[in-house]
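First up is the structure itself, then whatever we jot down about it.
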Amino acid sequence: MSDSRFKKFITSKGFKIVSISVIIGCSIGGAYISGFENGRGVPATYKYYSSNKTLATVGKTTIKLDVLKKQMEMFFATQPQKQFTDEEILEKEQMYIDYNVTKEALKQKALKEGLTVADEVVDSQYEELITNMEKLYNLEKDEILKKFKLTESYIKENVKAELLGNAYLDKIGVATDEEATKYFNDNPGEFVKVEASHILIKTVDDSYNALSDKVVEEAKVKAQEVLDKALAGEDFAELAKKYSQDASASEGGTLGFFGKGEMVEEFEKAVFNLKVGEITPELVQTQFGYHIIKKTGEQNSTLEDSLASIKDSLAYEKKYNVMKDILNSPDVKIVYGE
């Protein structure tokens with residue numbers, strides 16, 4: 001089946017706190033280097049952070065503001081010509097604060113559980129990270145460490161903390177067959193799958209930017225004309241091949257079977273409200289455009305088919321709840337901003 005861009009991108013249920021790249025900013029591209037080497041000194045946006053002040057406390061551990069300072073300077077350098085808004089700065093600060101607090105709290109929980117990470121694992125992750133950064137920046141390791149004011153021990157310390165946190169999450173984030181079976185029995189509606197075909201008349205370009213009001217109105221008129229043909233009994237698959245602007249057009253608009261949560265909300269609601277063989281009586285508008293939808297099948301997933309995915313989802317939920325509880329814990333006090 002064609003890979004229809006209309007389908008949601010479903011992320012893996014495997015959990016990772018945050019990419020290690022967040023710790024040292026290796027995902028920022030070459031902008032940091034070019035910005036500073038072109039004599040700019042600092043990017044267009046810059047904010048002063050006092051290194052010695054406290055950012056947060058987690059139990060008896062103090063996290064200094066220097067940690068946020070380093071991360072934010074790298075963030076500002078991702079786009080050295082851009083003047084970031086106050087809202088953008090606050091949003092990024094909050095992300096880093098939550099990350100740093102959560103990483104420390106999970107590390108502490110891991111150590112209390114007696115969990116360890118082998119030095120060779122940390123070393124391997126470190127070497128892989130450095131290799132990726134060398135390719136990214138086209139610099140040698142020593143040049144990278146100097147440019148970003150990093151040390152090998154600093155990077156390894158953060159890598160180890162994150163690995164410990166993930167080890168703890170892996171330990172507590174386990175769902176049993178019994179838990180999965182109970183969830184399956186308690187939520188039968190979630191395990192119904194439907195099959196559908198659709199015809200899409202787009203209101204966005206290939207980069208998902210909105211088209212002009214005039215073009216959108218023309219798209220609506222065209223979509224209504226196609227819907228009228230479909231409701232009049234013309235072959236749906238042939239109409240899709242002729243008119244649809246989705247990748248599924250060549251296959252008659254078929255999207256195969258899918259469950260709840262796999263399609264955007266408006267599309268999902270419309271399909272699940274149809275009977276098999278029915279076509280939507282009105283156009284269905286989503287962020288992608290106007291859809292004409294035909295429901296072509298429905299089936300119930302079996303427990304056997306669903307067990308693994310349910311266990312993954314329940315495990316993910318357990319990990320998520322731990323993360324949420326950490327940020328609301330009385331043992332965690334964020335001082336920055338008070």
Side-chain angles (χ1 to χ4, degrees), residues 16-29 31-33 35-37 40-112 117 122 126 129 133 144-166 168-169 322-338:
K16 188 169 179 59
I17 306 171
V18 173
S19 170
I20 291 175
S21 64
V22 171
I23 302 170
I24 62 172
C26 75
S27 62
I28 66 175
Y32 183 95
I33 294 169
F36 281 79
E37 289 191 345
R40 292 185 49 78
V42 294
T45 304
Y46 192 82
K47 181 176 178 179
Y48 177 75
Y49 298 89
S50 176
S51 300
N52 294 323
K53 288 188 176 180
T54 296
L55 170 66
T57 57
V58 182
K60 296 181 179 180
T61 300
T62 299
I63 302 174
K64 291 294 185 180
L65 194 56
D66 182 63
V67 175
L68 180 64
K69 175 179 182 290
K70 187 182 295 292
Q71 292 165 334
M72 289 302 297
E73 286 178 347
M74 290 181 171
F75 167 64
F76 294 144
T78 61
Q79 300 178 62
Q81 308 296 331
K82 178 179 177 180
Q83 185 71 49
F84 289 99
T85 66
D86 290 344
E87 291 75 16
E88 288 173 322
I89 293 172
L90 288 172
E91 181 180 357
K92 189 61 65 171
E93 284 180 342
Q94 190 60 60
M95 187 200 80
Y96 285 135
I97 291 168
D98 289 351
Y99 166 73
N100 290 314
V101 166
T102 305
K103 176 165 62 71
E104 175 60 32
L106 289 172
K107 182 190 77 172
Q108 291 181 18
K109 289 178 180 293
L111 294 174
K112 285 182 180 178
V117 176
V122 176
Y126 170 80
L129 191 56
M133 291 181 73
I144 291 171
L145 297 179
K146 180 180 179 181
K147 180 65 66 176
F148 293 104
K149 299 178 181 178
L150 299 168
T151 64
E152 180 176 325
S153 60
Y154 176 84
I155 299 173
K156 285 187 175 181
E157 178 184 349
N158 281 280
V159 169
K160 184 174 183 179
E162 186 165 315
L163 290 171
L164 281 168
N166 277 305
Y168 176 76
L169 289 172
V322 168
M323 303 278 283
K324 184 173 65 175
D325 290 345
I326 284 173
L327 295 175
N328 294 319
S329 169
D331 291 334
V332 171
K333 182 174 177 57
I334 297 174
V335 177
Y336 177 70
E338 290 187 347

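- Glu157 has no carboxylate O lying under 4.0 Å from a charged side-chain N of Lys160, or vice versa, which leaves the two without a salt bridge.
- The OH atom of Tyr49 sits 8.0 Å away from atom CG of Leu65, with the distance rounded to the nearest 0.5 Å.
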### Task
Could you please spell out the steps behind the side-chain contact (heavy atoms from CB on, under 4.5 Å) verdict for Leu145 and Ile155?
CA-CA 10 Å; Leu145 297 179; Ile155 299 173; 3.8 Å; yes
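- Residues satisfying the salt bridge (charged side-chain N to carboxylate O under 4.0 Å, His left out) test with Lys146, not counting sequence neighbours, are none.
- In this structure, the side chains of Val335 and Lys53 stay at 4.5 Å or more apart for every pair of heavy atoms.
- Without hydrogens or angle criteria, Lys107 side chain to Gly165 main chain gives no donor-acceptor distance under 3.5 Å.
- Taking every heavy atom of both residues into account, Glu93 and Leu68 meet most closely at O-CD1, 4.2 Å.
- Atoms CG and NZ, from Leu164 and Lys103 in turn, are 10.5 Å apart once rounded to the nearest 0.5 Å.
- Between Glu162 and Tyr99, the side chains place a donor N or O and an acceptor N or O closer than 3.5 Å (distance only, hydrogens not considered).
- With Glu104 contributing its side chain and Ala56 its backbone, the two residues share no donor-acceptor pair below 3.5 Å.
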### Query
Given Val332 and Leu327, is the side-chain contact (heavy atoms from CB on, under 4.5 Å) satisfied, shown in steps?
CA-CA 7 Å; Val332 171; Leu327 295 175; 5.6 Å; no
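- Both tests hold for Lys70 against Tyr154: distance to the six-membered ring centre under 6.0 Å, angle to the ring axis within 45°.
- Interatomic distance, Lys156 NZ to Leu129 CG, rounded to the nearest 0.5 Å: 11.5 Å.
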### Message
Could you go through Thr54 and Lys64, starting from their C-alpha distance and side-chain angles, then the distance that decides it, and tell me whether this counts as side-chain contact (heavy atoms from CB on, under 4.5 Å)?
### Response
CA-CA 4 Å; Thr54 296; Lys64 291 294 185 180; 4.0 Å; yes
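- In summary, the side chains of Asn100 and Gln71 do present a donor paired with an acceptor at a separation below 3.5 Å, with no hydrogens or angles considered.
- In this structure, the separation between CG on Asn158 and CG on Leu163 is 11.0 Å, given to the nearest 0.5 Å.
- Annotation for Leu106 and Ile326: closest pair CD2-CD1, 3.6 Å, computed over non-hydrogen atoms.
- The neighbour count for Glu88 CD, taken as heavy atoms of other residues, nucleotides or ligands under 6.0 Å away, is above 12.
- Taking both residues in full, the closest heavy atoms of Thr57 and Thr62 are given as CG2-OG1, 4.0 Å, listed atom of the first, atom of the second, then distance.
- Looking at residues two or more places apart in sequence or on another chain, you find a salt bridge (charged side-chain N to carboxylate O under 4.0 Å, His left out) between Lys69 and Glu73.
- Between atom OG1 of residue Thr85 and atom CD of residue Gln83 there is a gap of 9.5 Å, rounded to the nearest 0.5 Å.
- The heavy-atom pair separating Gln94 from Asp98 by the smallest distance is NE2-OD1, 2.7 Å.
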